[in-house]
Amino acid sequence: MSLLVASVVAAASMPMWAMAQSAKPSRADDSNAPTTVQAEQMTGRPDRVINLDNDVDLVRGQTEVQSDKATYRIIENEVEAHGCVRMNRYGDKYTGDDLLLNMDTGQGFITKPTFRFKSNDGHGSAEQIDFEDEEHAKVITGTYTTCPGTKPDWYIKSSRLDIDSGGDEAVAHNGILYFKSVPILGAPSLSFPLSDERRSGVLPPVLATTNKGGFELSVPYYFNIAPNRDLTLYPNLITQRGLQMGADARYLGTTYSGQTKLEFLPDDRLTKTNRYAVQSIHTQTLAPGLSMNWNVNVASDDQYPDDFSHSLTQASQRLLNRELDLTYGGSFWSVVAKASRYQVLQDFDVNGTPLLARPYDRMPQVTFTAAKQDIFGFDWTVNAEYARFWNSELDPVSKQSALLPLGGDRIYINPQLSYPIIRPGYFLTPKIQFDATSYHIANNQPGAHNDFSRVLPTFSVDSGLIFERNAKLFGNAITQTLEPRLFYVRTPFHDQSQFPLFDTSAADFNFAQIFNENRYVGHDRISDANQLTAAVVSRFIEESGLERLRLGIGQRLYFTEPRVKLGAADTINTSRSDLLASAGGQLTSAVGIDNTVQYSQSNQQWVRANSTIRFQPAPKKVVNLAFRLDHTNFDLNKKYLKQIDLSAQWPIAQRWYGVGRANYSLQEKKTIEGLLGLEYKADCWVFRMVAQRIPTSSQRTTTGYFFQLELNGLSKIGSDPINVLRSSIPGYQNINQPDTVFNR
């Protein structure tokens, strides 16, 4: 195992997710360049040999040699230099005692040298460097590092270091990696890049540990097949389960691109079954205007995201889609033919009751969309769709019923016509649309209707005013706006209580939704409406365009109570909706807020609230505090959502940074998600250790540990927590990258 770990320091700084290899700039041809010689004193024969003394300087093209003394052989075009030798060749710098170099072939040697490479600032010293040509050299008994100073924190010591500057690669023979003067890795051959170019080879090991599988060790191998194709194989040894094999293939062409990942664990020691997951995406242009896409996701069992939280199927991805579509379009229209099926990775409560309903398959679904703007001032849009819905698997959550049949066909057409009137201080947009929908239900219950249809018109008017004035906020000159808006909708009632529910649910109630004609998502319900939405927004904008503060309030008024509903819980029996209010913006250079609340005036209670404040006074310093309340979201114990979320990245000592996140449920009085870690940044390396606890199902949690040592310009050893930190801590910045000032 030690030899295996020792051999993985290869191609470590390679950008794994770059889809195209950057072209390396070619070196200028110096074969016909003249050689310029300077010195305080010159002797010898000008046509054969010149002896140079004091401040010697020889230049040919991109190669320059300086020394105390030198001999230049003109016929051979060869220089022999002694005393304080300094050479700059294509940006790479060398110093030494003695030098012999043929300016034509690039062959020669330098004794007792030090060197520094332009591509990555790697440097070191040696007994001797033998130059084979302008791009290849051998460093004899030397060291290599990217750390500054004469006492580097890490370095590689080898009997021979082969340098390929043209290929940006170095190979250390009998190499040993020292960290803090302690040898930590060693192998007969260590290969590493001299730049960020992609290169085939063994990648750094990935170390991880979880409470579901124990210790994990993955040693990936990367195949740089072509500039537009690559393949990564990653065997992953999981101590409690066995050897998991994984592959990741990517490709990119002028008319197509895609990526396929797969994982396979034969005979899991804990479950005694074969475990696997597949993820494949592809997009391709078949002809002008015609394209194809697929997105396929498969897992072997329901517990896959619980047991392999670092793998393809993450804990939140319990609904796997398998989809293929063809799209054909013109300048103002498009047709999409799609076939999609779903796999549900079922979750269960403490009593073993399944919790996730399976969506209907669409086999097929054909959608037509056409739109044009400003036709004699009018805008028109046509949306049409035919879909065959089918649930071939017995759904354990949503049993078959009149509203949830085994399957059926639905076809609709929805033409829309509007006349926008937009002026500098106001806008007015009247709009009319029609919905014509027809259903045919397959295998319905005995005695139930199999065919349904509806034709509904909808009329709406969207209007608003925009006022501006000069004002001040926190002592700064700003422009304040006042933007009142009215949105009226009229849709007659049509009884849809017997219509199936293939893809429809109540829309989320927010500032975007209250300006929609339909309060449902999907096309199985069209809400009757005789309502007016009133809202007003005020913005405080600096001259640069920065929005310092935004205040808004809005409410929907019902002139008649809506009669269309999904169920008893969807009943509206008030003359007005809940009140929405928001406040957000970048109050100062360091403080930003974003707050939205939903208040029920009839029940006199807060229905939902999302409040966030971010304090970010400088790069790599951020604290986020969020409060979430939702009386419409209940857990298994019938408790509504009420949480506090605190996350931060902050320097806690010189070179030390703390990172953390805690998502605490005030109802359950426990931490739902947690993350805690430390990062240390030295001049040429970074160390990270992070522990994370996340729920992978309603009853199970996974705790993972990340340890990573990043050696600048050489390798990243361990499991990379950067993606975890970025997703858990808004505003997180990699401490090994230059400071970034966010565009606020």
Side-chain angles (χ1 to χ4, degrees), residues 25-145 150 157-173 194:
S26 59
R27 293 182 174 182
D29 185 6
D30 294 340
S31 59
N32 297 320
T35 301
T36 303
V37 179
Q38 298 183 41
E40 290 187 4
Q41 183 176 344
M42 299 184 185
T43 60
R45 295 181 58 179
D47 59 340
R48 290 185 178 274
V49 179
I50 300 177
N51 298 315
L52 309 169
D53 291 312
N54 297 330
D55 294 333
V56 178
D57 192 352
L58 294 92
V59 179
R60 187 195 185 186
Q62 298 183 64
T63 301
E64 180 180 11
V65 176
Q66 297 175 328
S67 64
D68 293 339
K69 296 182 179 183
T71 299
Y72 177 53
R73 302 179 181 90
I74 298 175
I75 297 177
E76 296 84 356
N77 198 13
E78 184 177 82
V79 58
E80 182 179 339
H82 305 280
C84 297
V85 177
R86 300 173 301 280
M87 180 174 69
N88 188 326
R89 187 163 72 160
Y90 298 101
D92 297 337
K93 298 179 180 180
Y94 304 86
T95 67
D97 294 342
D98 303 291
L99 170 72
L100 177 65
L101 182 68
N102 187 292
M103 306 294 276
D104 287 330
T105 64
Q107 294 180 340
F109 65 86
I110 185 172
T111 62
K112 303 295 182 183
T114 65
F115 59 90
R116 184 175 295 273
F117 300 132
K118 176 184 178 181
S119 59
N120 66 343
D121 207 31
H123 59 94
S125 60
E127 292 292 327
Q128 181 172 307
I129 297 180
D130 295 333
F131 301 107
E132 298 178 336
D133 53 40
E134 292 181 343
E135 294 186 344
H136 298 85
K138 296 184 182 297
V139 180
I140 309 301
T141 313
T143 62
Y144 171 84
T145 186
T150 58
K157 186 175 182 180
S158 62
S159 60
R160 191 180 84 231
L161 182 65
D162 295 339
I163 303 297
D164 181 1
S165 56
D168 285 325
E169 183 183 22
V171 179
H173 297 274
L194 299 177

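Starting from 1, each residue takes its place in the sequence as its number.
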Undergrad: Taking the side chain as every heavy atom from C-beta outward, state whether Thr63 and Leu101 have any atom pair closer than 4.5 Å.
TA: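 Thr63 reaches Leu101 side chain to side chain.
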Undergrad: My understanding is that only residues two or more places apart in sequence, or in another chain, count here; which of them pass side-chain hydrogen bond (donor to acceptor under 3.5 Å, both in side chains) with Thr141?
TA: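 So Thr141 forms no side-chain hydrogen bond (donor to acceptor under 3.5 Å, both in side chains) with any residue.
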Undergrad: What are the two closest non-hydrogen atoms of Phe117 and Ile163, and how far apart are they?
TA: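 Smallest interatomic distance, heavy atoms only, reads CZ-CD1, 3.8 Å.
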Undergrad: Who are the side-chain contact (heavy atoms from CB on, under 4.5 Å) partners of Asp133, not counting sequence neighbours?
TA: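 Listed in chain order: Glu135, His136.
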Undergrad: For Arg160, give me all partners under side-chain contact (heavy atoms from CB on, under 4.5 Å), at least two apart in sequence or on another chain.
TA: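 Checked Arg160 against side-chain contact (heavy atoms from CB on, under 4.5 Å); matches are Lys138, Ile140, Asp162, His173.
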Undergrad: Test side-chain contact (heavy atoms from CB on, under 4.5 Å) on Val79 and Val56; report intermediate values, then the result.
TA: CA-CA 11 Å; Val79 58; Val56 178; over 6 Å; no
Undergrad: State which residues pass side-chain hydrogen bond (donor to acceptor under 3.5 Å, both in side chains) with Arg86; sequence neighbours excluded, sorted by chain then number.
TA: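 side-chain hydrogen bond (donor to acceptor under 3.5 Å, both in side chains) list for Arg86, sorted by chain: Gln66.
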Undergrad: Suppose we screen for ring pair (Phe, Tyr, Trp, His ring centres under 6.0 Å). Which residues come up paired with Tyr72, at least two apart in sequence or across chains?
TA: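 Ring pair (Phe, Tyr, Trp, His ring centres under 6.0 Å) list for Tyr72, sorted by chain: empty.
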Undergrad: Could you walk me through whether Arg48 and Ile75 pass the side-chain contact (heavy atoms from CB on, under 4.5 Å) check?
TA: CA-CA 6 Å; Arg48 290 185 178 274; Ile75 297 177; 3.6 Å; yes
Undergrad: Using every non-hydrogen atom in the two residues, find where Ser67 and His82 come nearest and quote the distance to one decimal.
TA: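 Reported closest heavy-atom pair: CB-O, 3.9 Å.
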Undergrad: Restricting to side-chain contact (heavy atoms from CB on, under 4.5 Å), what partner residues turn up for Ser158, sequence neighbours left out?
TA: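 Here the qualifying residues are Leu161, Ala172.
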Undergrad: From Lys93 NZ over to Lys118 NZ, what is the distance, rounded to the nearest 0.5 angstrom?
TA: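 Answer for the NZ-NZ pair, Lys93 versus Lys118, is 10.0 Å.
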Undergrad: By side-chain hydrogen bond (donor to acceptor under 3.5 Å, both in side chains), which residues pair with Asp130, not counting sequence neighbours?
TA: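 Per chain and number, Asp130 pairs via side-chain hydrogen bond (donor to acceptor under 3.5 Å, both in side chains) with Gln128.
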Undergrad: Under the side-chain hydrogen bond (donor to acceptor under 3.5 Å, both in side chains) rule, collect the residues that match up with Thr143, sequence neighbours excluded.
TA: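 Partners of Thr143 by the side-chain hydrogen bond (donor to acceptor under 3.5 Å, both in side chains) criterion come out as none, since no residue qualifies.
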Undergrad: Got a donor-acceptor contact below 3.5 angstrom from the Arg60 side chain to the Asn77 backbone?
TA: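 Flag not set: sc Arg60 to bb Asn77 has no pair under 3.5 Å.
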Undergrad: Can you list everything that forms a ring pair (Phe, Tyr, Trp, His ring centres under 6.0 Å) with Tyr94? Sequence neighbours excluded, please.
TA: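 Listed in chain order: Phe131.
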Undergrad: Could you go through residues 120-127 and list every donor-acceptor pair under 3.5 Å that involves a side-chain atom there, pairing it with any protein atom two or more places apart or in another chain?
TA:
unit_1, atom_1, unit_2, atom_2, d
Asn120, OD1, Gly122, N, 3.0
Asn120, ND2, Tyr144, OH, 2.7
Asp121, OD1, Arg116, NH1, 3.0
Asp121, OD2, Arg116, NH1, 3.4
His123, NE2, Cys147, O, 2.4
Glu127, OE1, Lys112, NZ, 2.9

Undergrad: Name each donor-acceptor pair under 3.5 Å that joins a side chain in residues 37-47 to protein atoms two or more places apart or in another chain, with its distance.
TA:
unit_1, atom_1, unit_2, atom_2, d
Arg45, NH2, Asp47, OD2, 3.4

Undergrad: Of all the heavy-atom pairs spanning Leu99 and Met87, show the shortest one and how long it is.
TA: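 Scanning both residues, the minimum pair turns out to be CD2-SD, 4.3 Å.
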Undergrad: Going by the rule side-chain contact (heavy atoms from CB on, under 4.5 Å), which residues pair with Glu169 if we only count those two or more places apart in sequence or in a different chain?
TA: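 Listed in chain order: Val171, Ser191, Arg199.
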